[in-house]
Number of protein chains: 2
Amino acid sequence: MALRHAVLAALLAGDGSDGDGSGEYSGYQLAKAFDIGVANFWHALPQQLYAELARLEKEGLVAGRHVVQETRPNKRMFRVTQAGLAEFEAFAAATPKASFIRDDLMVKVQAADSVDTAPVIEQLEERAALAEAKIELFGKVLRKMRGELDEEEFLRRGEPIGPYLTCLRGLALERENRDWGLRVAAVLRERRTDEAR
Amino acid sequence: MALRHAVLAALLAGDGSDGDGSGEYSGYQLAKAFDIGVANFWHALPQQLYAELARLEKEGLVAGRHVVQETRPNKRMFRVTQAGLAEFEAFAAATPKASFIRDDLMVKVQAADSVDTAPVIEQLEERAALAEAKIELFGKVLRKMRGELDEEEFLRRGEPIGPYLTCLRGLALERENRDWGLRVAAVLRERRTDEAR
DNA sequence: TCTGATTACTCAGTTTCTTGACTATGATGA
DNA sequence: TCATCATAGTCAAGAAACTGAGTAATCAGA
């Protein structure tokens, strides 16, 4: 039960991205938010989110209300309750689990001495290109969050600060992704041609 | 079924860390290897590894042999079979799944606007200290892998190159961990004192 | 001599995640 | 007009991972 805290965090930080400032999300919107911002530190599929929201509601940690729409299917909007905030507060104070990563590409690189590296090199370069795109996206997102403030100012006074800080981390990670990907691709490529001589 | 590939990669890359150059590991040694090198891109508990090795053996992707020891409990040493290598080769050529991260601390930071940040700041600083220790460890591991070669030389000709490259990534990640952790701790601390005025 | 660490593994139960559907409606674009 | 995308979900089966415990021997240090 750890996804629940990511969901609560997303709901609590809910002002930043959609501009409605309500801290209220539908399951569908939550899934979107997970794709963009939360994906930097937590990965979850929409089905998991719906299931988790249902569980959280049953336990009274979030409250949902039906919203009838004319042009769109009806939906349910969720917000964090007092009990939910208390639960999150307890989680925040507890010692965190070690972060963990799982990365197919690194598994492949680990065995680079034993397998054909040609496809791996391609994948590394694709990954780098994807990272590049994300870097640009994050740049835009950060600028938008900052508004007219410069970074230093925003870090001192801007709000919400949480999503901004995690987005900074996402940016740094993607830069690493890109740099490492290109570097490793170059190294492996170089070694292939050397080998072929 | 994804852990299996991490296990195969660890066995295939098995020369680097233990110096025996055999590509052979016991479940116990594998668990150690996962703690040090593989943990950079895959996290798994010993129980999982034993279970996975059993499955892999049943499918003929690894072969185990009993080793009787006098001073220590007997053990089983595993190496990757031809079928195992073929399986891994297919995995390496297939498009990789998106990497995924899960990080409690970032979940907490995401909700920094809604919760008491005092414990989070402490955790960030602990995390930074831990990262610092890992940075030093990785530095040593890399130096040992390089031997007398300098980095450029090693990247061109050194072996095994796979573990070296993934370790470089681990190092970069830990540096990010440390820098981000200290930065965020400082920002949140600063905002607390401002708030208190 | 007792404690704790290290080597070496096993098992069962539970939770969590992934996969791959399926249901609807309205809007958008070719 | 037809296809596809976006909204807004739900369901169920199976794979994978995690938790927590237990077994058993040797060795090093207090």
Side-chain angles (χ1 to χ4, degrees), chain A residues 1-7 18 20 24-36 38-39 42-59 62 64-78 96-104 107, chain B residues 1-8 18 20 24-36 38-39 41-59 62 64-78 91 94-102 104 107:
Chain A
M1 294 261 186
L3 171 59
R4 70 191 315 118
H5 298 123
V7 169
D18 268 0
D20 60 356
E24 221 180 11
Y25 273 133
S26 69
Y28 191 79
Q29 286 175 298
L30 193 61
K32 296 274 160 183
F34 260 70
D35 261 10
I36 307 160
V38 183
W42 208 275
H43 159 83
L45 299 166
Q47 295 98 311
Q48 282 176 269
L49 299 177
Y50 285 115
E52 194 62 47
L53 280 171
R55 266 194 295 274
L56 286 167
E57 195 185 17
K58 209 170 63 188
E59 294 173 42
V62 307
R65 72 187 168 86
H66 279 277
V67 175
V68 178
Q69 296 183 119
E70 286 134 42
T71 79
R72 290 284 166 201
N74 297 343
K75 62 182 175 180
R76 308 198 60 208
M77 300 293 285
F78 294 93
K97 285 201 213 168
S99 75
F100 90 61
I101 305 185
R102 224 154 253 203
D103 190 333
D104 270 14
V107 172
Chain B
M1 295 260 188
L3 171 59
R4 69 188 317 116
H5 298 123
V7 169
L8 291 172
D18 266 0
D20 60 356
E24 221 180 11
Y25 272 132
S26 70
Y28 190 80
Q29 285 174 299
L30 195 60
K32 294 276 160 181
F34 260 70
D35 261 11
I36 307 160
V38 182
F41 52 87
W42 208 276
H43 160 83
L45 299 166
Q47 297 97 309
Q48 284 176 265
L49 299 178
Y50 285 114
E52 194 60 47
L53 281 171
R55 266 194 296 275
L56 285 167
E57 194 186 19
K58 209 172 62 188
E59 294 173 43
V62 307
R65 72 188 168 88
H66 279 280
V67 174
V68 179
Q69 297 184 118
E70 285 135 43
T71 79
R72 289 285 167 201
N74 298 342
K75 61 183 175 180
R76 306 199 61 207
M77 299 293 285
F78 295 92
F91 161 71
T95 62
K97 286 202 211 168
S99 75
F100 93 55
I101 304 184
R102 221 153 256 206
D104 270 14
V107 171

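The structure displayed is predicted, hence computed values, not measured ones. Letters A, B, ... mirror the listed sequences (proteins, then strands); counts begin at 1.
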Minimum-distance nucleotide to B:P73 side chain [options: D:dA8, C:dT18, C:dT7]: C:dT7
Any A:V62 side-chain heavy atom under 4.5 Å of A:Y25 side chain: no
Shortest side-chain distance from B:S26, nucleotide among C:dC17, C:dT6, C:dC9: C:dC9
Upstream residue (5' side of DNA chain C) when B:R102 and B:R76 are each assigned their closest nucleotide: B:R76
Closest to the B:Q48 side chain, choosing from D:dT19, C:dA8, D:dA17: D:dA17
Closest non-hydrogen atom pair, A:K75 against A:S26: CD-CB, 4.2 Å
A:F100 and B:F100 aromatic ring geometry - parallel, tilted or perpendicular at 30°/60° bounds: tilted
Distance, rounded to the nearest Å, where B:W42 contributes CH2 and D:dA17 contributes P: 7 Å
Nearest-nucleotide 5' precedence on DNA chain C, B:F100 against B:N74: B:N74
Below 4.0 Å: OP1/OP2 of C:dT19 and any side-chain N or O of B:K97: yes
base_contact_polar (D:dG9 base, A:Q47 side chain, donor-acceptor, <3.5 Å): no
Side chains of B:Y50 and B:L45 in contact at under 4.5 Å (non-hydrogen atoms): no
Sugar-phosphate, base or nothing in reach of B:H43, heavy atoms under 4.0 Å: sugar-phosphate
Presence of B:Y50 side-chain N/O under 4.0 Å of C:dT10 phosphate oxygens OP1/OP2: no
Rounded distance (Å) that lies between atom P of D:dG9 and atom NZ of A:K32: 12 Å
Whole-Å distance separating the CG atom of A:L45 from the P atom of D:dG9: 16 Å
Rounded distance [0.5 Å steps], CD in A:Q48 versus CZ in A:R4: 13.5 Å
Whole-Å distance separating the CD atom of A:E52 from the P atom of C:dT15: 13 Å
Between D:dA24 (C1') and B:R72 (CZ): distance, integer Å: 12 Å
